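Following this message is one structure expressed as structure tokens.
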Amino acid sequence: MLDRKFIVENAELVKQNCKNRGIDVNVDRFVELESQRKTLQTEVEELNREANLLSKSIGKAKDEAERNARKEKGRRLREKTNQERAELDCLAAELDAIHRTIPNMAHPDAPLGADDKSNLELFKGKTPLPEFDFKPLDHVDLAERLDLVDFQSGAQVAGHGFYFLKNDAVLLELALQRYALEVLISEGFTPMTTPDLARNDILEGAGYIPRGPETQIYSIADTELSLIATAEITLGGMLAGRTIDAEDLPIKLCGISHCFRTEAGAHGRATRGLFRVHQFTKVEMFAFTLPEESDSMLEHLRDLECRLFDGLGVPYRVVDTATGDLGGPAWRKFDLEAWMPGRDEYGEVTSTSNCTDYQARRLNVRYKIKGEKGTRFLHTLNGTAVAVSRAIIAILENHQQPDGSVVVPEVLREMMGKERIDCV
RNA sequence: GGAUGGGUGGCCGAGUGGACUAAGGCGACGGUCUUGAAAACCGUUGUGUGGGAAACUGCACCGGGGGUUCGAAUCCCUCCCCAUCCGCCA
């Protein structure tokens, strides 16, 4: 969420930002309600002050008659207060509903545009595009030949969008996680495995909407829990409600979790194979920083993603995400799009965002500078290290050989125990 | 899943309806003393949000939400969490 005062004082900027992001919000209504809320709040507080004074005087009243008279006065005062407070609660609820739909501001350098077509390519990775002197297969055909993925059984057991990894794909999944962890641990990240479920209020704090017509989130019936769509939710939620000493920042975490997504409304677009699935494993980076350090942390996370995919020998490009494609919480977002020869186009494999204080305000994570009074909201960032299913697509398709085998990237060979995935 | 006990400030911990304006301790910070330090002694002490140039001051906050009452840390309801024991279990 944005700071309420900021919205009121910068209504035009906020409106322009909503427009840039293609989000329809009634900012004027928010400003109007906020001014009403303040007035009403002051009135309620004044009534409380009177009631407090009166209550205290009753204990000290000299006789029974005086006490009863004051009690009666207190009763009337309370009725009035309750009435005003009900009004205030009603107002606050409407205000909050609008507040939650107002997206984060965007970095001034984020490209303007309605959707991913306006994303700006910044640079390409170290690995050049592969040149095949044969017609490359897509990962579905490769996986079938190499007996790596069982889509049919996945559909039988859990439905379309689920799959079993088999044989070397299982080793590849583990090796990818291990590879990512080793890089991140060496960079000072604390490795975690996180819950795959989280409370709905934590989901909401991270900017996800657990229930609703177009939700990406699976919720668990008869509970306040949902399956997480990313470890960003649990890693961010770890510090919800806490105040961190400034000297302990930045905090860099990396978490392994399963990710679950309903992919509601996504049918028909890039649904073949492993690209858009309901469950996958992911190593996620998460950072809590001082406000002045979040922009450089975002570049750090992006550089790590580049390092990981350069290491895998996968060609990719880095794009600066356009305002209309940022989602609610992000101030700026970079995606790595790997070259996917089977689709003959780039496909998103990682995404890293600086959410500034937007998530922190919702999750109520603050920091305190020693010796200074008060606290402030810190900044949160997240980034994909490796989303296993999509990384597997990129590896299989880019490293395929004329005979249908796949050469294992050097960084994974020791962990895989082999240099090549051959037909079984 | 069942039983019991708990959740109070940075930490420990007292507090069963009106002096809680939350005791006391620890820690931290400042001071006195000292060449310096320790000890001792003295003082200070949270968060949020309003008002005010400031001094200062209002309101809210004792796990969350709701209720009773003129008044709730305290009583009631509900949810969450923690501990211990039992059951089940990888």
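Chain identifiers are assigned alphabetically (A, B, ...) following the order of the sequence lines, protein sequences preceding nucleic acid strands; residue numbering begins at 1 within each chain. Please read all numbers here as calculations on a predicted model, not as lab measurements.
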For rG18(B) versus rG24(B), give the span between their C1' atoms, rounded off to a whole number of Å.
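After rounding to an integer number of Å, I get 23 Å for this pair.
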Sticking with atom C1', work out how far rG15(B) lies from rA28(B), rounded to a whole angstrom.
25 Å
Would you give a per-nucleotide map of nucleotides 53-62 of chain B, 5' to 3', where B means the base has a protein non-hydrogen atom under 4.0 Å away, S means only the sugar-phosphate does, and - means neither?
-----BSS--
Could you list by number each residue of residues 355-368 of chain A showing a heavy-atom separation from RNA chain B of less than 4.0 Å, or answer none if no residue does?
Arg366(A), Lys368(A)
What's the gap between rU45(B) and rA22(B) when it is taken at their P atoms, as a whole Å value?
11 Å
If the C1' atom of rA39(B) is compared with that of rC75(B), how far apart are they to the nearest Å?
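The answer is 48 Å between these two C1' atoms.
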Using atom NZ of Lys5(A) as one end and atom C1' of rU49(B) as the other, report the distance to the nearest whole Å.
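From Lys5(A) NZ to rU49(B) C1': 9 Å.
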Can you give me the N/O atom pairs linking the protein to nucleotides 88-90 of chain B at distances under 3.5 Å, or say none if there are none?
none

Spacing of Lys56(A) atom NZ relative to rG71(B) atom P, expressed in whole Å
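Those two atoms, NZ and P, are 14 Å apart.
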rA55(B) versus rA60(B) - spacing of their P atoms, nearest Å:
23 Å
P-based separation of rC79(B) from rC26(B) [nearest Å]
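Looking at atom P only, rC26(B) and rC79(B) are 41 Å apart.
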Is it true that Lys282(A) and Glu284(A) have a side-chain N and a carboxylate O under 4.0 angstrom from each other?
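Looking at Lys282(A) and Glu284(A), the cut-off is met.
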Gap in Å between the two P atoms, one belonging to rG13(B) and one to rG17(B), rounded:
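One P to the other, the span is 23 Å.
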Whole angstroms only, please: what is the CZ-P distance between Arg4(A) and rG48(B)?
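Checked: the CZ to P distance equals 14 Å.
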With side chains defined as the heavy atoms from C-beta onward, is the minimum distance between Val277(A) and Tyr163(A) less than 4.5 Å?
yes
On RNA chain B, compare the nucleotides closest to Arg376(A) and Lys71(A); which residue's is nearer the 5' end?
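Taking each residue's closest nucleotide, the earlier one in sequence belongs to Arg376(A).
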Return each pair, listed once, that meets side chain to side chain donor-acceptor pair (under 3.5 Å) where at least one residue sits in residues 377-387 of chain A; pairs must be two or more places apart or across chains.
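Side chain to side chain donor-acceptor pair (under 3.5 Å) check on residues 377-387 of chain A returns Glu232(A)-Asn382(A), Ser294(A)-His379(A), Gln359(A)-Thr380(A).
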Exactly one of Ile202(A), Ile228(A), Thr215(A), Thr230(A) clears side chain to side chain contact (heavy atoms under 4.5 Å, CB included) with Tyr208(A), and that residue is Thr230(A)
Could you state the atom-to-atom distance from CD of Glu247(A) to C1' of rG10(B) in whole Å?
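It works out to 13 Å between those atoms.
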Going by heavy atoms closer than 4.0 Å, what residues in residues 197-210 of chain A are next to RNA chain B?
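Here the set is Arg199(A).
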Between P on rU47(B) and CD1 on Ile244(A), what's the gap in Å once rounded to a whole number?
15 Å
From CG of Leu225(A) over to C1' of rC80(B), roughly how many Å is that when rounded to an integer?
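After rounding, the reported distance stands at 12 Å.
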What is the separation between atom CG on Leu88(A) and atom P on rU49(B), rounded to the nearest whole Å?
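Nearest whole value for this atom pair: 16 Å.
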Looking only at the side chain of Thr375(A) (C-beta and beyond, no hydrogens), which of the listed nucleotides rG71(B), rG51(B), rU47(B) gets closest?
rU47(B)
Roughly how many Å is it from CD in Glu43(A) to C1' in rG51(B), rounded to a whole number?
15 Å
What nitrogen or oxygen pairs link the protein and nucleotides 63-69 of chain B at under 3.5 Å?
none

Does any part of the side chain of Ile421(A), heavy atoms only, come nearer than 4.5 Å to the side chain of Met416(A), both counted from C-beta?
yes
